[in-house]
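Note sheet for the following structure.
Each chain gets a letter, A, B and so on, in the order its sequence line appears, and its residues count up from 1. The basis for the numbers below is simple: all heavy atoms, side chains too, and nothing from hydrogens, waters or symmetry mates.
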There are 2 protein chains.
Amino acid sequence: MVAATLKDVAELAGVSVKTVSNVVNGYAFVKPENRRRVEEALAATGYRPNVGARNLRRGRTGFLALVLPELSIPYFGELAGLVINAGHDQEWNVLIEQTLGTREGERATLGALGPHMVDGAIVSPEALHANDFEELSGGVPMVMLGEHAVDVPVDRVGIDNVRAAEVAVRHLVAIGRTRIAAIGQHPTRGTAALRLAGYRSALTEAGLPVREELIAPALNYHRRDGATAMADLLALPEPPDAVFCFNDLLAIGALRAAAERGVRVPGDVAIVGFDNNEESAYSLPSLTTIAPDKRAIARAAVDLLRRRVSGEEGLAPQQVHVPFALEIRESTS
Amino acid sequence: MVAATLKDVAELAGVSVKTVSNVVNGYAFVKPENRRRVEEALAATGYRPNVGARNLRRGRTGFLALVLPELSIPYFGELAGLVINAGHDQEWNVLIEQTLGTREGERATLGALGPHMVDGAIVSPEALHANDFEELSGGVPMVMLGEHAVDVPVDRVGIDNVRAAEVAVRHLVAIGRTRIAAIGQHPTRGTAALRLAGYRSALTEAGLPVREELIAPALNYHRRDGATAMADLLALPEPPDAVFCFNDLLAIGALRAAAERGVRVPGDVAIVGFDNNEESAYSLPSLTTIAPDKRAIARAAVDLLRRRVSGEEGLAPQQVHVPFALEIRESTS
DNA sequence: CAACGTTGTGCCAACGATGTAAAAGTGGTT
DNA sequence: AACCACTTTTACATCGTTGGCACAACGTTG
C-alpha cells in the first residue's frame with residue numbers, strides 16, 4: 001500500500017489540496033458539507049501527514065536530540081524514558097545519541113547534529129570543554145543536564161549537587177559514623193567537584209577532619225570502578241566506617257567489594273549512593289541514596305527547550321534546580 | 001546563524017546548485033578545480049544537508065523506530081543502545097517509542113507510526129495479538145524481537161527460548177537440585193510459554209517430575225514480581241531447592257525475598273536468571289543467567305530491516321536465531 | 001574538418017505540505 | 001441592479017534537495 005498524500009485525499013473528496021490541508025489543520029472557515037466530505041476521504045485513505053514535508057515547509061524538524069553517555073547505564077535509561085514522554089507532550093520525537101562519555105564522542109555527536117536535524121538538544125556532558133560548546137552547537141538550542149564547573153552560557157537543569165552531597169554525608173554523621181570516605185573523585189567531571197565540595201563542607205560542619213586518603217578517585221562511574229575504589233579503602237590501615245559514593249553504580253560495586261572481604265554493610269561500613277537507580281532498592285542490602293526527581297528533570301529540560309525554540313531570544317541562560325530527597329534504606333540502618 | 005543551503009554554497013563557489021549537490025554526493029565527474037572551490041565553500045559555510053529535504057526527495061525518512069516496553073528496564077536499555085549503534089552503521093537514526101508493555105500501548109504506538117514517519121520498525125511486543133499487526137503495520141516493514149507463540153508473517157530475531165530454558169534447567173539438575181521451580185508463567189507472553197516448555201522438557205529428560213505448584217506466575221517481569229513469587233514458593237510445605245526465573249529482574253527480586261527470609265543462595269536455593277543484565281554480575285550473590293548475544297540481536301534486526309526496506313519483496317519472513325550462553329556465577333555454585 | 005564519444009555543468013521538475021493572496025461565492029443593504 | 005462585507009476556495013510559490021535530461025566543452029578519430 002502506497003501512502004496517501006493530500007492530493008489523493010483532495011481528488012477523492014473533490015476539493016482542492018489546500019482545502020484538505022485546511023481541514024487537517026483545523027482552519028475555521030470550511031463549509032460543513034466540504035468538511036464532512038474531506039473527513040470521509042481522510043478516513044477512507046487512511047491519510048497521515050508526511051512529517052518530513054510538513055517540517056520542511058514549517059522550518060522545524062519535530063525532533064529533539066537527547067545526548068547522553070550510554071543507554072545501558074541505568075540512570076540514563078530511566079531518564080531517557082522520561083524525556084521521551086516529556087517530549088511527546090510537546091509534540092516532539094526524541095532522538096537518542098550516545099557519546100560513551102568521552103570528549104571525542106561528545107564532540108562528534110554535537111558536530112553531527114546539523115541545524116536541520118533537530119529543533120534542539122538536551123545534553124548530558126561528561127567531558128566537554130566550555131569552548132567545544134560554542135564551536136559545535138551550530139545554533140541549535142541546547143539544555144545541559146547536571147550542574148557543571150564549566151561555565152557556559154546555556155540553560156541547565158539539575159539538582160543542587162553541593163547540598164545533596166551535604167545531606168548524604170550529614171546522614172552518615174547522624175548515624176554516628178566518623179571515618180567517612182568518598183568514592184568518585186574525578187579530574188574533569190563537573191559534578192564530581194561539586195559533590196566533593198559538599199562532602200568536605202558537611203564533614204567540616206560536623207567538626208570531623210577531611211582525610212585525603214579517604215577520598216578515592218574513580219575514572220569511570222561504573223560498578224567495577226566502585227569495587228576497585230572500595231577495595232583500596234578497605235585495605236587502609238584504618239578503613240572507613242562509612243562511604244559516600246558519587247553514584248549508585250559505584251555504590252553497588254562498593255557493596256560487592258565489601259561483601260567479598262567479609263565486611264558487613266551497614267554493620268562495619270555504611271554506604272550511601274547517588275541517583276536512586278531502580279536497582280538500588282533491591283540490592284542486598286538495599287541502598288540509601290540521593291534521589292533526584294528525574295521526572296522533574298525531564299520536564300524542566302523539555303520545557304526550557306520549548307521556550308528557547310519558540311524564539312524567546314532575549315532570555316538569559318537559566319539554571320533550574322529540581323528537588324531531590326534522601327532515600328534511606330538498609331545500607332545505612 | 002542561519003543554516004547554509006546548497007544555494008548559498010553554490011553562490012559562494014560560483015557554480016550551480018546541482019554541481020554542489022554532485023560534490024556532496026560523491027558524483028565522479030566534477031572538474032578538480034570546481035571540486036576544490038566547492039569544497040572550500042562547503043567548509044567556509046559549514047554546510048550540512050537538510051536531512052528532511054533530502055529524504056523528502058529520496059522518499060526515505062532516514063529513521064527507524066524501536067518499539068519497546070520501557071527504557072528503564074535494563075534489558076531494553078542495553079538493547080536500545082546497541083540498536084542505535086547498529087542503526088548508525090546503516091545510516092539510520094533510531095527513534096525510540098515506549099509501550100509500557102500493554103496491548104493498548106503497543107497498538108497506539110504502531111498506529112502512530114505513519115508510513116512517512118520511519119522507514120521501518122523493530123518491535124518488541126509483549127501483548128500484541130496477531131491481527132493487530134496486519135491492522136496497524138500500515139505497510140511499514142517490521143522486525144519482531146523475541147520468539148512468540150503468535151504466528152505472524154513477519155521477520156523475527158531472537159534466541160531459541162526452548163533450548164535456552166533447557167540449558168538453564170539442565171545446569172540446575174547438574175548441580176544436584178531436584179525440586180526445581182520456575183518463576184514467570186504468564187497467560188499471554190509468548191516467550192513465557194516457550195521458556196516454560198523448555199523447563200518442562202529438561203525436567204522430564206532428567207527423570208524429574210513436573211510439579212505444578214512449583215510453577216509460579218508473574219504478571220509483570222519486574223523485581224517486585226520476582227520477590228512476590230519467591231515468597232510464595234518459599235512458603236510451600238516443601239519449598240524448592242532451585243528456581244529458574246524467566247528474566248533477571250525476577251531473579252533479583254527472588255534473591256531479595258530469599259535473603260529476607262534467611263534462605264541462603266545458593267546453599268538452600270540456587271537461582272538462574274535470563275537476559276544477563278549488567279547488574280546481574282554484581283548482585284549478591286552474582287546471578288547465573290542465560291546470556292543472549294544482544295549485539296547480534298541488534299545487528300540482525302537492523303540487517304533484516306535493511307533487506308526489507310531495500311525492496312526485496314519476495315523474501316519469505318525469516319526467523320533468525322542468535323547465539324546465547326549460560327553464564328555461571330555465584331547463585332548456582 | 002566533420003563526426004564522435006566522453007566529461008562536466010546547469011536548468012527544470014518534483015517530493016508533500018503550507019502561507020499568501022487573489023478569486024469566487026454568499027447574503028444583505030441601498 | 002449595483003455595491004459591500006464577509007466567508008470559503010483555489011492557484012501558485014516555496015521550503016532544500018536530487019533525478020532526468022539537455023547541452024557545452026573537450027579531446028580523439030577517420
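For Ser21(A) (side chain) and Val17(A) (main-chain N/O), no donor-acceptor pair under 3.5 Å exists by modelled atom type. Checking side-chain atoms of Lys294(B) against main-chain N and O of Tyr75(B) turns up no donor-acceptor pair under 3.5 Å. In this structure, Gln98(A) contributes its side chain and Leu71(A) its backbone to a donor-acceptor pair below 3.5 Å. Distance alone, capped at 3.5 Å, is enough to place a donor-acceptor pair between the Asp119(A) side chain and the Thr61(A) backbone.
Note on Thr5(B): every side-chain N or O is 4.0 Å or more away from OP1 and OP2 of dC15(D). Dashed line: the shortest gap from a side-chain N or O of Thr19(B) to OP1 or OP2 of dG10(C) is under 4.0 Å. A close approach under 4.0 Å does not occur between any side-chain nitrogen or oxygen of Ser21(B) and OP1 or OP2 of dT17(D). Of the side-chain N and O atoms in Arg54(B), none sit less than 4.0 angstrom from OP1 or OP2 of dG16(D).
Within 4.0 Å of Tyr27(A), counting heavy atoms only, lies at least one base atom of the nucleic acid. At the heavy-atom level, Lys18(B) lies under 4.0 Å from base atoms of the strands shown. Within 4.0 Å of Val17(A), counting heavy atoms only, lies at least one base atom of the nucleic acid. Asn25(B) comes within 4.0 angstrom of the backbone, heavy atoms only, and of no base.
Not a single donor-acceptor contact under 3.5 angstrom links the side-chain atoms of Lys7(A) to the base of dG16(C). Counting atom types as modelled, Arg57(A) pairs a side-chain N or O with a base atom of dT18(C) as donor and acceptor under 3.5 Å.
With Asp155(A) as reference, Arg308(A) is the one residue of Arg307(A), Arg308(A), Gln319(A) to meet the side-chain hydrogen bond (donor to acceptor under 3.5 Å, both in side chains) rule. Put simply, the residue from Ile122(B), Leu95(B), Val309(B) that forms a side chain to side chain contact (heavy atoms under 4.5 Å, CB included) with Leu64(B) is Ile122(B).
Ranking dA17(C), dC15(C), dT9(D) by closeness to the Asn50(A) side chain, first place goes to dA17(C). Of the candidate nucleotides dT18(C), dT17(D), dG16(C), dT18(C) has the atom lying nearest to any side-chain atom of Leu6(A).
Contact check of residues 35-43 of chain A against DNA chain D (heavy atom, cut-off under 4.0 Å) returns no residues at all.
Under a cut-off of 6.0 angstrom, the local environment of CD in Glu91(A) is sparse, with at most 12 non-hydrogen atoms contributed by other residues, nucleotides or ligands.
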